[in-house]
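Below you'll find the structure, written out as structure tokens, and then a few comments.
So you know, we letter chains A, B, ... as the sequences are listed, proteins then strands, and number each from 1. Side chains included, hydrogens not; waters and symmetry mates left out as well; all remaining heavy atoms used. Bear in mind the structure is a predicted one, so any value in this text is a computation, not a measurement.
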Amino acid sequence: MEKTLDLKYTYTEKKDTRSGFGDGFLEVGRKNPNVVGLCADLIGSLKMGAFQNEFPERFFQTGIAEANMMGIAAGLSINGKIPYTGTFANFSTGRVYDQIRQSIAYSDKNVKICASHAGLTLGEDGATHQILEDLGMMKMLPHMTVINPCDYNQTKAATIAIADYEGPVYLRFGRPSWPIFTPADQKFEIGKAWKMIDGKDVTIFATGHLVWEAVVAEAMLREEGIHAEVINIHTIKPLDEEAILESVAKTGCCVSAEEHQMNGGLGDSIAQTLIRNHPAPMEMVAVNDSFGESGVPTDLLQKYGLNAENIVKSVKKAIARK
Amino acid sequence: MCVPDLERKSLEYRKKILKYIKHASAGHTGGSLSCIDILNVLYNQILHVSPQNFSDNNRDRYIQSKGHSVEALYVVLADQGFFPESELETLCQYQSHFIGHPTRKVPGVEQNTGALGHGLALSVGTALAGKMDEADFKVFTLLGDGELAEGSNWEALLAASHYNLDNLVVILDYNKLQITGRNKDVMNVEPLLDKFKAFGLAVREMDGNDIASIKATLEDVPFESGKPNLVIAHTTKGKGVSFMEDSVKWHHGVPDDAQYQQAQEELDKKISALEKLESK
């Protein structure tokens with residue numbers, strides 16, 4: 001179906017966002033000698049091996065002890081060092097929440113929590129590992145910056161950019177092979193939403209893997225004469241409220257799209273912004289209070305409604321409520 | 001500083017701990033009195049830390065994992081000149097930065113601590129950073145005994161040993177009491193010596209309320225090249241005040257007026273006794 005659509009962004013290659021992290025991590029390691037790595041026995045899964053090989057003296061294995069990894073990272077952050085921790089998103093958040101809250105967020109430590117295999121698209125391993133609550137947990141923490149890039153290139157750019165930002169960051173990415181549709185030479189600006197497609201009838205605010213689905217949905221809607229604006233919200237916190245309000249003031253309604261629980265996700269943050277400033281009809285594409293299950297990513301996204309078809313349906317609902 | 005001078009300081013610190021806990025109507029009395037002799041020797045004898053070198057990357061680090069005994073830390077930091085002691089009159093009050101657990105808002109505090117089981121991993125990371133930089137500083141951390149039930153400590157000890165952190169000095173304030181009762185009744189931590197040795201640590205025991213014993217032990221660090229140092233400091237909770245010693249109810253008890261007066265008198269008598277001894 002995608003091939004027949006007149007897409008505003010296209011791709012020639014697919015890659016996992018975790019590889020964007022791994023490649024960005026190596027590059028930032030070469031640029032900045034203060035960058036150090038820690039991993040809780042998932043070096044292969046996180047694609048941290050290249051950095052480890054090149055900078056063995058700046059890389060620390062902690063074993064399967066994520067809580068310890070967070071504490072050690074906080075301790076390592078003295079004297080200018082910039083620790084990047086690597087494990088799955090569920091072990092980067094829920095399992096170690098108090099360590100992050102006290103030793104990293106409350107203490108304002110310059111630790112970069114790099115979290116792979118987030119969301120349903122982890123696939124076959126199923127619900128235990130498919131965290132859908134991580135963005136909520138992290139955005140609630142004072143001092144924490146929360147980033148969820150959309151493809152390989154954006155993940156790589158974000159991985160490099162966060163080294164220049166002083167403060168704790170949660171960087172979320174995933175496992176599936178995914179279209180690379182953003183430019184390789186992009187400048188990643190934390191907290192700055194990216195308007196990818198101009199529109200007038202509705203705004204689609206998407207984050208992570210769902211940005212691609214929003215691009216597809218826009219083309220599908222255009223065929224029906226609906227002109228959607230697509231905004232890539234790679235930074236969940238701090239949220240670019242100005243960009244959100246400016247767009248909704250123009251389009252009059254919106255849809256949020258994310259691979260996360262509806263409770264506590266990007267949609268929540270946008271809804272708060274709108275309610276306080278400019279109430280407008282809004283629909284949310286997200287997981288509705290449910291755990292995941294095993295399956296290939298596309299089947300899971302279909303079942304839980306996290307795809308272009310459901311974004312299109314939600315857009316029509318939002319427009320009808322104007 | 002000689003042992004009698006340090007002994008006198010400990011008594012004065014105890015008087016101040018009680019003064020500010022009484023003033024705040026809050027605090028962790030028993031634990032602060034238990035660990036104060038250790039902090040006294042650390043700050044007056046062992047640590048290369050002062051208000052003048054606090055921004056020096058090569059300073060020693062002290063991280064108090066048992067953050068609730070914060071009154072002991074604040075009193076010692078005031079004495080070291082990190083801030084005027086009078087500021088402690090705001091302890092635990094609205095808008096004061098002298099919060100009920102250590103915070104870096106207070107000059108001289110290295111790390112925010114309080115929730116238990118976090119300080120050791122932080123210390124391991126800091127010691128690891130020291131090794132990376134080939135720096136000379138040491139990292140000292142004070143653990144509570146009840147805190148040892150937190151599994152995170154044992155994860156951190158694994159890593160300390162794995163990375164041969166002989167620049168790390170872990171001191172256990174082993175007063176054998178925690179908020180609910182005796183460690184052995186709440187969650188038995190023994191046999192500690194065997195456990196710590198099995199984790200690959202260089203272990204020493206000392207009387208954690210005896211200045212000479214503390215001084216002799218801590219001056220001997222590192223105990224063994226390539227191994228993290230662990231000191232089991234046998235202490236008495238509420239040490240120095242007869243009715244507070246070894247009593248669970250003084251975990252965070254605040255003395256009433258009569259108790260406060262009696263406590264101060266007991267400590268004054270000990271100071272007088274020390275003075276008499278010195279004048280002989």
| Would a 4.5 Å heavy-atom cut-off, applied to side chains only, mark A:F60 and B:H162 as touching? | no
| field | Approximate separation, where rounding is to 0.5 Å, of A:Y106 OH and B:H118 NE2 | value | 12.0 Å
| message | Heavy-atom count check: over 12 atoms from other residues, nucleotides or ligands less than 6.0 Å from B:F54 CZ? | response | yes
| said: Please determine whether the number of non-hydrogen atoms from other residues, nucleotides or ligands lying under 6.0 Å from atom CG of B:L193 exceeds 12. | reply: yes
| query | Just wondering, more than 12 heavy atoms not from A:R95 lying within 6.0 Å of its CZ? | reply | no
| query | Of the non-hydrogen atoms in B:E155 and A:A65, which two are nearest, and what is the gap between them? | reply | OE1-CB, 3.3 Å
| query | Ignoring hydrogens and geometry, is there a side-chain-to-backbone donor-acceptor pair from A:D98 to B:A115 under 3.5 Å? | reply | no
| message | Just verifying a value: how many Å separate B:L122 CG and A:Q99 CD, rounded to the nearest 0.5 Å? | response | 9.5 Å
| Region of A:R101 in contact with chain B, defined by heavy-atom distances below 4.5 Å | neither
| query | Between B:T113 and A:Q102, which heavy-atom pair has the shortest distance, and what is it? | reply | CA-NE2, 3.4 Å
| note | In this structure, CG of A:N68 is separated from CG of B:L120 (nearest 0.5 Å) by 8.0 Å
| field | Closest non-hydrogen atom pair between B:R61 and A:I78, with its separation | value | NH2-CD1, 3.7 Å
| said: Using heavy-atom distances under 4.5 Å, tell me whether A:E57 contacts chain B through its side chain, its backbone, both, or neither. | reply: backbone
| query | Can you tell me if B:N57 uses its side chain to pair, donor with acceptor, with the backbone of A:N79 under 3.5 Å? | reply | no
| query | Which heavy-atom pair separates B:L128 from A:I72 by the least distance, and what is that distance? | reply | CD2-CG2, 4.0 Å
Run the side-chain donor-acceptor check on residues 31-43 of chain A: report pairs under 3.5 Å with partners two or more places apart or on a different chain.
residue: A:N32; atom: OD1; partner: A:N34; partner atom: N; Å: 2.9

| message | Is it true that, when you exclude B:H97 itself, more than 12 heavy atoms of the residues, nucleotides or ligands shown sit nearer than 6.0 Å to its NE2? | response | yes
| Test: A:K81 and B:D133 ion pair at under 4.0 Å | yes
